[in-house]
Protein chains: 2
Amino acid sequence: MASKLFVSAQEVARRAGVSRSAVSRTFTPGASVSAETRQRVLKAAEELGYHVNHLARGLMRNESGIVCLIVSDVATPYRAAVLRELTLQLQNAGKVAMLINTDRSDGSVDRALHQAIRYRADASVILSGLPDKSIVQLCLRSGQRLVLINRDDDQPGPLRINVDDADAGSRVATAFARAGCRRLAFANSLAGTPSLVRREKGFVAAAAALGLEVVVERYGATGYEAGQVLAQRLLTRSERPDAVFCATDLLACGFMDAARRQFGLAVPSQLCVAGFDNIEQASWLSYELTTFAQPVDRIAKYAIDWLGTDDNGEDGPEPITLPAELIWRSSIRGG
Amino acid sequence: MASKLFVSAQEVARRAGVSRSAVSRTFTPGASVSAETRQRVLKAAEELGYHVNHLARGLMRNESGIVCLIVSDVATPYRAAVLRELTLQLQNAGKVAMLINTDRSDGSVDRALHQAIRYRADASVILSGLPDKSIVQLCLRSGQRLVLINRDDDQPGPLRINVDDADAGSRVATAFARAGCRRLAFANSLAGTPSLVRREKGFVAAAAALGLEVVVERYGATGYEAGQVLAQRLLTRSERPDAVFCATDLLACGFMDAARRQFGLAVPSQLCVAGFDNIEQASWLSYELTTFAQPVDRIAKYAIDWLGTDDNGEDGPEPITLPAELIWRSSIRGG
DNA sequence: TTGTACGCGTTATCAT
DNA sequence: ATGATAACGCGTACAA
């Protein structure tokens, strides 16, 4: 319940003895103001504590400078890292990030996009979930740009940036084979997002090509606890796997801890493990996990660069697929 | 460069065959509209994909609904957890979070606050760094509320929420003493933020009262790597400590890993360790760290509840101090 | 209950 | 280069 206390351009104009327009021009890059008026305006603004009202500016320019970041599980290491990169690069580009936390509930992403529309965000970046087709259409009609990261949607319009999960899966299979592993396993969550599916398929297919079978087990969300449960299930099999590809690093950490503590297995001598995401914990001494780094910086750069373009092709921009970088540590034999 | 594509209330009014005010009233809770016009407006709005422009609404009401979250090191587990809680509760309160990432550079927080002012944020929550006094004054004059979390500033006006670090430090000392430890150490970063200082002082003072001396070592930032370095320094002393209080869990993880791998020490039999923050990793099997949980949910609740009050006392609200909760795991003997 | 008219703080346009 | 004026989309006082 704030009553009008912010300083307006009008007041600055009065104090500087110029017109409102002069004030506006002073704060509009590339406008023509004489050095003198400019100084007087700046002085008055400084004294009064004036700052351009971006709400009003956005109203006029039809460009708010706001970019909406739509994410679930913000506190997860990988998500937090993406968030950091996006907000940082957004700020460097002169934009500002609006953060909306979604849950797994139905329509959560749709509600977030409505919020983005209400604030006339210039763009929305979707990192979790998948919006309804109708909402996507609404956003595009409204001139709001959309970026889908690792969402693997097929409708045209949004910029789609994906990491090459299948390739990563395939490379893990090869590495396991080279390490002399024979009984492969894939530890996945029940989430069933496109990226996880591709990771699994790429791994299974490559293993088959190498003449190796894969046991696939799925459980819970992509967290540490799920990794423990999956270890329980996979390592009690009569034919115990000697190599496990975990769908995420978080899963891998839980899996490794359970494998060592509860089953007394040594990594990598008795069990090879690979993960995905290259979260900070993967490099910790307790894990030294061989994993794949998503090119988070490049993903963010592609997204933000596109926001600056006028590229308004009919069917939207071409989808982008980026390779994941293999980070070799010591959870797989050889190397 | 979006040209006016968003649907306006005017267009909805035309389609519904009513005045523009009727549309406005339909979307203003508590306004008087007949059930019939209301229905017609809602129908037209639905068909057109209309959503209230919060930029314009904010301009009118002098209340943007935006709350600015000012943080550095967003990707850090503790910070990410706070962020999650704040955004979630903010959304439940009908507000929206604007996220600004600061670095350690000078004036970084000040720039963030200027951004908050430009977007006419109703409030700013500062989780890192400390703003200049003049900026704080400007915010308050402008009617923008300020919340400082664990910042320990003394100027009146902002809501100050702090965790009782000294008490936590004191309780660790007691626990160590009870475990029969004699040579205590405190592993801190060079950051020197008020909370870290209080944590250290509380620990040292309580240890002194118990007749125990404390070796204090400081290095780097509050991260995993610093923990490793601090272990190197503390565990190579002639009088090797048998108990270490690490300023943060992240430090503690690095410390424990180094202690076990490089010095072959067993926790807690040969070395007791305590941390702070209760990050997710503290509960992992590799650490099982005894630590303190900051009441993140309550902190967020206090902050957001205050934003809803009209409380405009002269010197601002009373500072709030919340206790940290001791989470007992197995990195300290006994229990 | 409904519509008209005005103001919120900007920027853009158009004279000067 | 400068100032007056219109418009952006909305809420609301006021009159009907």
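These numbers come from the heavy atoms of this one structure, side chains and all, not from hydrogens, waters or symmetry mates. Treat the numbers as computed from the prediction; the structure is a model and nothing was measured. Naming: A, B, ... by sequence-line order, numbering from 1 per chain.
Taking every side-chain heavy atom of Arg57(A) into account, dT11(C) is the closest of dG9(C), dG9(D), dT11(C). You'll find that the side chain of Arg61(B) is closest to dG11(D), out of dG3(C), dG9(D), dG11(D).
Protein atom CG of Leu59(A) is 18 Å distant from nucleotide atom P of dA6(D), rounded to whole Å. The distance from atom CE of Met60(B) to atom P of dG9(D) is 15 Å, rounded to the nearest whole Å. Atom CD of Glu11(A) is separated from atom C1' of dT10(C) by 14 Å (rounded to the nearest Å). One atom, CD of Glu36(B), and another, C1' of dT2(C), lie 12 Å apart when rounded to the nearest Å. The interatomic distance linking Arg20(A) (CZ) with dC14(C) (C1') rounds to 15 Å, in whole Å. One can place OH of Tyr119(B) at 13 Å from P of dT10(C), the figure rounded to the nearest angstrom. Rounded to an integer number of Å, the gap from CG of Asn53(A) to C1' of dC8(D) is 13 Å. Here dA4(D) presents its C1' atom at 10 Å from CZ of Arg25(A), a figure rounded to the nearest Å.
Remark: the Ser24(A) side chain and the dA12(C) base include no donor-acceptor N/O pair separated by less than 3.5 Å. Side-chain atoms of Arg120(A) stay outside donor-acceptor range of the base of dG9(D), with no qualifying N/O pair under 3.5 Å. If you check distances only, the side chain of Ser32(A) never reaches the base of dT2(D) with a donor-acceptor pair under 3.5 Å.
Using a 4.0 Å heavy-atom cutoff across all strands shown, Phe27(B) reaches no nucleic acid atom at all. Across all strands, Ser8(B) comes closer than 4.0 Å only to sugar-phosphate atoms, never to a base (heavy-atom distances). Residue-level contact check: Val23(B) touches neither bases nor backbone, having no heavy atom under 4.0 Å from any strand. Across all strands shown, Ser34(B) has heavy atoms under 4.0 Å from sugar-phosphate atoms exclusively, and none from any base. Looking at heavy-atom distances under 4.0 Å, Arg38(B) makes no contact with the nucleic acid at all.
Residue whose closest nucleotide on DNA chain C sits further toward the 5' end, between Thr37(B) and Gln10(A): Thr37(B).
Side-chain atoms of Val67(A) and Leu69(A), non-hydrogen and from C-beta on, do get closer than 4.5 Å to each other. Contact of the Leu159(B) side chain with the Glu318(B) side chain is not registered, since no non-hydrogen atoms from C-beta on lie closer than 4.5 Å.
Between Ser134(A) and Asp132(A), the shortest heavy-atom contact is OG-OD2, 2.6 Å.
Side-chain contact annotation: Gln89(A) with Asp297(A), donor-acceptor N/O pair under 3.5 Å absent.
With salt bridges taken as basic N to acidic carboxylate O contacts below 4.0 Å, one links Asp122(A) and Lys95(A).
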